[in-house]
Asker: 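Take this structure first; my questions come after.
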Amino acid sequence: MSHSDSSAAAPAPAIPDRPGLEGLEDRWDAIWEDRGTYRFDRTKSRSDVFSIDTPPPTVSGSLHVGHVFSYTHTDTIARYQRMAGREVFYPMGWDDNGLPTERRVQNYFGVRCEPSLPHDPNFTAPDDAGDPKAIKKRGDIDISRRNFIELCHVLTAEDEKAFEALFRRLGLSVDWTQHYATIDERCQRASQRAFLRNLARGEAYQVEAPSLWDVTHRTAVAQAELEDRERPGAYHRLAFHLPDGVAGTDGSGNLHIATTRPELLAACVALVAHPDDERYQPLFGSTVTTPVFGVEVPVKAHELADPEKGTGVAMICTFGDTTDVTWWRELDLDVRAILNRAGRVNPEPPPGIETEAGLAAYARLAGKTVFSAQAEMVEILRETGELVGEPEPISHPVKFFEKGDKPLEIVTSRQWYIRNGGRDSELRAALIARGDEMQWHPSYMQTRYTNWIDGLNGDWLISRQRFFGVPLPLWYPLDDDGEPDHNQPIVPAEADLPIDPSSDTAPGYDEAQRGQPGGFAGDTDVMDTWATSSLTPQIACGWEEDEDLYGRTYPMDLRPQAHDIIRTWLFSTAVRSHFEADTAPWGHCALSGWILDPDRKKMSKSKGNVVTPVDLLDQHGSDAVRYWAANGRPGTDTAFDDGQMKIGRRLAIKVLNASRFTLGFGANGDTPLAIDPATITHPLDRAMLLKLADLVDEATRALDGFDYARALERTETWFWTFTDDHVELVKTRAYEGDETGAESARHALRLALSTLLRLFAPFLPFVTEEVWSWWRGGSIHRQSWPSADELRAAADRGDYVDPATADVAADALAEIRRHKTTEKRSLATPVISCTLTDTPDRLALLRPALGDVAAAARATSIDLAEGDSLSTNVALEPAEPGPVGDQAPVD
RNA sequence: GGGCGCGUAGCUCAGAUGGCUAGAGCACCUCCCUUACAAGGAGGGGGUCGGGGGUUCAAGUCCCUCCGCGCCCA
């Protein structure tokens, strides 16, 4: 669509006398919804489509300023691509699957999920929901998983309504008919289907292995969910006993080791030192006896043992940390586990503890938490005299579940994994190579992706021992003793998905056989929330459900997201697409930064510095808030700054006023305001259009590279110069010039305005739409992006015009204005005479525009003189005599 | 300890392949009610571009090093 054909449908202009910003958001949101302005046209072929893998925000409370920030970035790209001729597929998802929702539902309704309970079809939500006092009084009610999930839907539906309202208010050009929720049936089906396919192809597997365990949430935790926290601890020196006749480190037959976890002594299966450590080389291959428990354990060599730490010998326990797991696996050691999933010491001693003293000591630890067990163990060691010296306090990093508040333990359990290259260098290389198929914005973000994959040391753990999530779609046959055979999982048919194995019957069985010997049992675990989130492209595009849509949208064009979840969301999505479609999931990923508060600290609720988005939009207006957001460069953390929002608001108001003024010239009230390039004959008007063409080139280049901030900044700068210089220069001619000159000015102004409005449209969708509606037909957001070539053609009258004409004219006007300001006179002061000196080249450029400069300067004429540089000699009309009080008394 | 990013006016930030006296907005000062806009306009002051080396005719821009900050990881 070009600027001339859009005028065909142009209405008679309706320009308000006092345009304002108030109420634009609600009005235009309703009209856009009504007209389906952002509705995806699914007749378009893949090459004409631009599809966006929108991040589904977590529905567990409210949106914050960071959402406003990053979703605006994506929206500017969406709007640009739409105007640039692509049909934009811009769905929205809600992430209501997972722990945060589960916790809220438990607290809000006062219920607990008990997966063993049957579904109750008549269950209704407790009527005291939301009343903490009443709930506390009655206590939590146990309900089935299906009933629990129903409650999750009830609660999240409310949040999702509020989220949508906010995003609409913000002006996101989302197609609201395209939406999903990560716990809805479609997502569950996709998630289970993808898992079953991973299983069938051997990409998913289960194993009984040590895994990181959060004792509070009672669930296994994946590597991506870990974080280190610095915690105080203490090195305890323990005396291990050497075989008879071997002198130890203290010369008395003992070998000292230092450990921060003496409570795990009973779980000790070996000692380890570095192979090159000369102090311990004689001991490698021999055995020592543990203090207190008297268990004989081997002394091993391994390069992960650090000669600098403690005594250089470490105690290997099953399991104290991830290094223990590595040692255990690589050195082929026994298992002597003592901790259970509640984080307490098992009641029964592990194999190997047989001495009376050892059993007695163990009995003192049994049932204790890790914390109390440590205190007790230290006490026992003191009693036996096997604690050497006093514990030495240190501070060291300890692994935590990112949502947990107790250190992680490592327990052995049966878990499901999906291969991710953590244990397979070929797959790792393939996934790293997928990164090259995507364009990264900013490009250095790819390094984080590559480094993360390089640093993986295990596959992706996807099973979680939680309730609200997508269940693993599996059952297991029970043998004659009622024990499950995990090696023979029973899978559902894809057509039956989604299923819940805790309430759906395994194929080939009768429900009465559930839990019976010879019958079946459902897997009680759910999948990691990322196991569903990693499928957002498949879910949004209708994988296996809407092949027509899928063919037009997948693989997607853009994944916008925050940089801190490259290792989780971005990577896991790449894994899924690699396996399922043998492709990268998107052509581009755009990583946004974070919002920092004005102190440059990351904004967080706990600090009480969160500003609610609704207040912000109310106070400044959506365009103003978007302006601030769009100033945050891709990938860069940005300080919260309501000063920027005020500037954005001022810009929006200026757009209204400048448009009203510009469109006022030659308007007679019922003739559409035409743009006819043939009437644009004046050199200054043509020069302005040539410069505008350069701006269009620059903005287009920036937006093609996802640099919305640069596009906005250049457009804004150009716009202010346009209003301050060009409009001032030509307004007299546009008002009262001869017909040719006036029409040239008016048509050029309209063409410039039409162009500028479209350049601003991705950033300020409301005010630009408002102005567009005054004089043009249709929505600005469905107009074509401005074309630099068309502008250059519009400025072309067959002869050459130097775009610098516009600069020289603006400089000349500025020089005269400077003179008036210096003289402390109004800019309206008439100029009686003016001689302007400049270089011959510049004077030649200025001559065609001299009439406009003189008019804008309020000079009847301007004399020109050649010189070395720009200067003026100006005589102003004498000032009026001041008020009487300012005069010297006449006497 | 490693990787990535950052450190430019009081504040928030621009400064692509190194090149004219280092820019913008806010804040500050002066002036102007000029009939699109006073939520405006015209001007002005203010920076040894984190420190130190180096490459170059020329460095905020490239290289080295140090210091400080952030994120991710160990």
Side-chain angles (χ1 to χ4, degrees), chain A residues 15-21 223-224 226-228 304 306 322-323 397 399 402 440 442-457 562-568 571 591 593-594 596 598-602 620-621 624 627-628 631-665 698 701-702 705 707 709-710 712-714 716-717 720-721 723-725 727-728 731-732 734-735 749 753 813-830 856-858 879:
Chain A
I15 303 165
D17 285 340
R18 256 169 291 150
L21 298 175
Q223 188 181 349
L226 292 184
E227 64 184 34
D228 280 0
L304 278 181
D306 184 353
T322 50
T323 314
K399 291 202 186 315
E402 60 191 359
W440 298 74
S443 59
Y444 60 75
M445 292 292 183
Q446 187 180 356
T447 311
R448 300 194 186 182
Y449 171 83
T450 304
N451 288 351
W452 168 252
I453 300 175
D454 260 337
L456 287 171
N457 52 35
H563 57 66
D564 58 328
I565 52 174
I566 290 174
R567 68 199 169 111
T568 48
F571 173 59
L591 288 308
W594 285 343
L596 309 175
D599 302 333
R600 312 278 327 159
K601 298 271 164 45
K602 189 183 169 188
H620 302 282
Y627 169 89
W628 158 75
N631 268 299
R633 307 192 97 76
T636 308
D637 295 346
T638 298
F640 178 81
D641 183 1
D642 69 354
Q644 282 297 110
M645 297 176 200
K646 291 186 177 126
I647 295 161
R649 185 175 179 83
R650 209 177 58 172
L651 174 63
I653 291 169
K654 188 77 174 181
V655 168
L656 288 176
N657 286 320
S659 299
R660 183 172 92 82
F661 186 58
T662 300
L663 297 174
F665 300 120
E698 200 172 3
R701 211 179 309 126
D707 193 349
R710 176 186 293 267
L712 172 58
E713 191 247 329
R714 297 303 147 92
E716 185 194 8
T717 301
W720 284 104
T721 308
T723 59
D724 292 345
D725 294 343
V727 174
E728 289 298 321
K731 73 181 181 189
T732 307
Y735 262 133
L749 285 171
L753 180 65
L813 176 61
E815 192 60 28
I816 298 169
R817 287 199 290 218
R818 193 187 333 270
H819 181 84
K820 292 181 180 179
T821 297
T822 308
E823 294 294 310
K824 303 194 174 183
R825 301 294 301 279
S826 159
L827 294 184
T829 307
R858 308 285 166 107

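Just so it is clear: chains get the letters A, B, ... in the order the sequence lines come, proteins before strands, and each one is counted from 1.
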Asker: Are OP1 or OP2 of B:G44 and a side-chain N or O of A:Arg818 less than 4.0 angstrom apart?
Answerer: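 Checking B:G44 against A:Arg818, a side-chain N or O does come within under 4.0 Å of OP1 or OP2.
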
Asker: Between A:Tyr735 and A:Phe661, what is the ring plane arrangement, given parallel below 30°, perpendicular above 60°, and tilted in between?
Answerer: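 Geometry flag for A:Phe661 against A:Tyr735: perpendicular rings.
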
Asker: Start at the 5' end of RNA chain B and walk down; is the nucleotide closest to A:Lys820 or to A:Ile653 reached first?
Answerer: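 Looking at the nearest nucleotide for each, A:Lys820 comes out on the 5' side.
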
Asker: Could you tell me how far B:A14 sits from B:G53 if I compare only their C1' atoms? Round to whole Å.
Answerer: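 My reading of the C1' atoms in B:G53 and B:A14 gives 28 Å.
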
Asker: For B:G23, which nucleotide is its Watson-Crick or G-U wobble mate, given both distances must be under 3.5 Å?
Answerer: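 When the pairing criteria are applied, B:C13 turns out to be the nucleotide that pairs with B:G23.
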
Asker: Which part of the nucleic acid does A:Thr723 contact within heavy-atom distance under 4.0 Å: base, sugar-phosphate only, or nothing?
Answerer: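 The residue A:Thr723 makes base contact.
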
Asker: Whole angstrom is fine here: how far is it from CG in A:Leu663 over to P in B:A36?
Answerer: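 The answer, rounded to whole Å, is 14 Å.
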
Asker: Within the structure, does a side-chain N or O atom of A:Lys654 lie under 4.0 Å from either OP1 or OP2 of B:G41?
Answerer: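 For B:G41, OP1/OP2 do have a side-chain N/O of A:Lys654 under 4.0 Å.
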
Asker: Nearest to the side chain of A:Lys824 - B:A14, B:U30, B:C72?
Answerer: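 Within the option list, the nearest is B:U30.
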
Asker: Show the numbers, then the answer: is there a side chain to side chain contact (heavy atoms under 4.5 Å, CB included) between A:Leu651 and A:Trp720?
Answerer: CA-CA 9 Å; A:Leu651 174 63; A:Trp720 284 104; 3.8 Å; yes

Asker: Taking any heavy-atom pair under 4.0 Å as a contact, classify A:Glu716: base, sugar-phosphate, or nothing.
Answerer: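 No contact.
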
Asker: Where do A:Arg818 and A:Thr822 land on the side chain to side chain contact (heavy atoms under 4.5 Å, CB included) test, with the steps shown first?
Answerer: CA-CA 6 Å; A:Arg818 193 187 333 270; A:Thr822 308; 4.2 Å; yes

Asker: Please measure how far the C1' atom in B:U56 lies from the corresponding atom in B:G44, and state the result in whole Å.
Answerer: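 Those two atoms are separated by 37 Å.
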
Asker: Could you let me know what B:G5 is paired to, Watson-Crick or G-U wobble, both distances under 3.5 Å, or none if it's on its own?
Answerer: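 Paired with B:C69.
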
Asker: Check every atom of B:C71, B:C26, B:A42 against the side chain of A:Arg448 and return the nucleotide holding the closest atom.
Answerer: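 Closest nucleotide to the A:Arg448 side chain: B:C71.
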
Asker: For B:G68 and B:G25, measure between their P atoms and round to the nearest Å.
Answerer: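 Between the two P atoms, the distance is 35 Å.
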
Asker: If you check the A:Leu827 side chain, which of B:U34, B:C72, B:A16 turns out closest?
Answerer: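 Output: B:U34.
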
Asker: Go through B:U30, B:C37, B:G70 for me and flag the one nearest to the A:Asn657 side chain.
Answerer: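 Output: B:C37.
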
Asker: Using the closest heavy atom to pick a nucleotide of RNA chain B for each, name whichever of A:Thr447 or A:Glu815 lands nearer the 5' end.
Answerer: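 Comparing both residues, the 5'-ward one is A:Thr447.
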
Asker: Which nucleotide, B:U34, B:A36, B:C72, lies nearest any side-chain atom of A:Val727?
Answerer: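 Among the listed nucleotides, the one closest to the side chain of A:Val727 is B:A36.
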
Asker: Think A:Arg650 has a side-chain N or O under 4.0 angstrom from the OP1 or OP2 of B:G40?
Answerer: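 Yes.
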
Asker: Out of B:U34, B:A14, B:A36, which has the shortest distance to the side chain of A:Tyr735?
Answerer: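 Shortest atom-to-atom distance from the side chain points to B:A36.
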
Asker: How is A:Arg649 classified with respect to the nucleic acid when contacts are heavy atoms under 4.0 Å: base, sugar-phosphate, or nothing?
Answerer: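 Counting heavy atoms under 4.0 Å across all strands, the contact made by A:Arg649 includes a base.
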
Asker: Quick one: label A:Trp720 by what it contacts on the DNA or RNA (base, sugar-phosphate, nothing), any heavy atom closer than 4.0 Å.
Answerer: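 It contacts sugar-phosphate atoms only.
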
Asker: Between A:Arg825 and B:A42, is there a contact of a side-chain N or O with OP1 or OP2 at under 4.0 Å?
Answerer: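 It does not, given that no N or O in the side chain of A:Arg825 lies less than 4.0 Å from OP1 or OP2 of B:A42.
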
Asker: Let's see if you can work this out: which of B:A36, B:C32, B:C72 has an atom nearest to the side-chain heavy atoms of A:Arg660?
Answerer: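 Among the listed nucleotides, the one closest to the side chain of A:Arg660 is B:A36.
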
Asker: For B:U35, what is the paired nucleotide under Watson-Crick or G-U wobble rules, both distances under 3.5 Å?
Answerer: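 Pairing partner: none.
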
Asker: Compare the minimum distances between each of B:A36, B:C72, B:U35 and the side chain of A:Phe661, then state the nucleotide with the smallest one.
Answerer: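 When the side chain of A:Phe661 is considered, B:A36 is the closest of B:A36, B:C72, B:U35.
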
Asker: Please tell me if A:Lys731 has a side-chain N or O lying less than 4.0 Å from either OP1 or OP2 of B:A36.
Answerer: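 Yes, such a contact exists.
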
Asker: Does the pair A:Asp641/A:Lys646 count as a salt bridge with the N-to-O cut at 4.0 Å?
Answerer: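 Salt bridge: no.
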
Asker: Please name the nucleotide paired to B:U61 by Watson-Crick or G-U wobble geometry with both distances under 3.5 Å, or report none.
Answerer: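 Partner of B:U61: none found under 3.5 Å.
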
Asker: Classify the nucleic acid contact of A:Ala814 as base, sugar-phosphate or nothing, counting any heavy atom under 4.0 Å across all strands shown.
Answerer: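 Counting heavy atoms under 4.0 Å across all strands, the contact made by A:Ala814 is with sugar-phosphate only.
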
Asker: Classify A:Glu713 by what it touches in the nucleic acid, base, sugar-phosphate, or nothing, heavy-atom distance under 4.0 Å.
Answerer: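 The answer is sugar-phosphate, as A:Glu713 gets under 4.0 Å only of primed atoms, P, OP1 or OP2.
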
Asker: By the 4.0 Å heavy-atom rule, please label A:Asp724 as base, sugar-phosphate, or nothing.
Answerer: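 Sugar-phosphate: the residue A:Asp724, judged by heavy atoms under 4.0 Å, touches backbone atoms but no base.
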
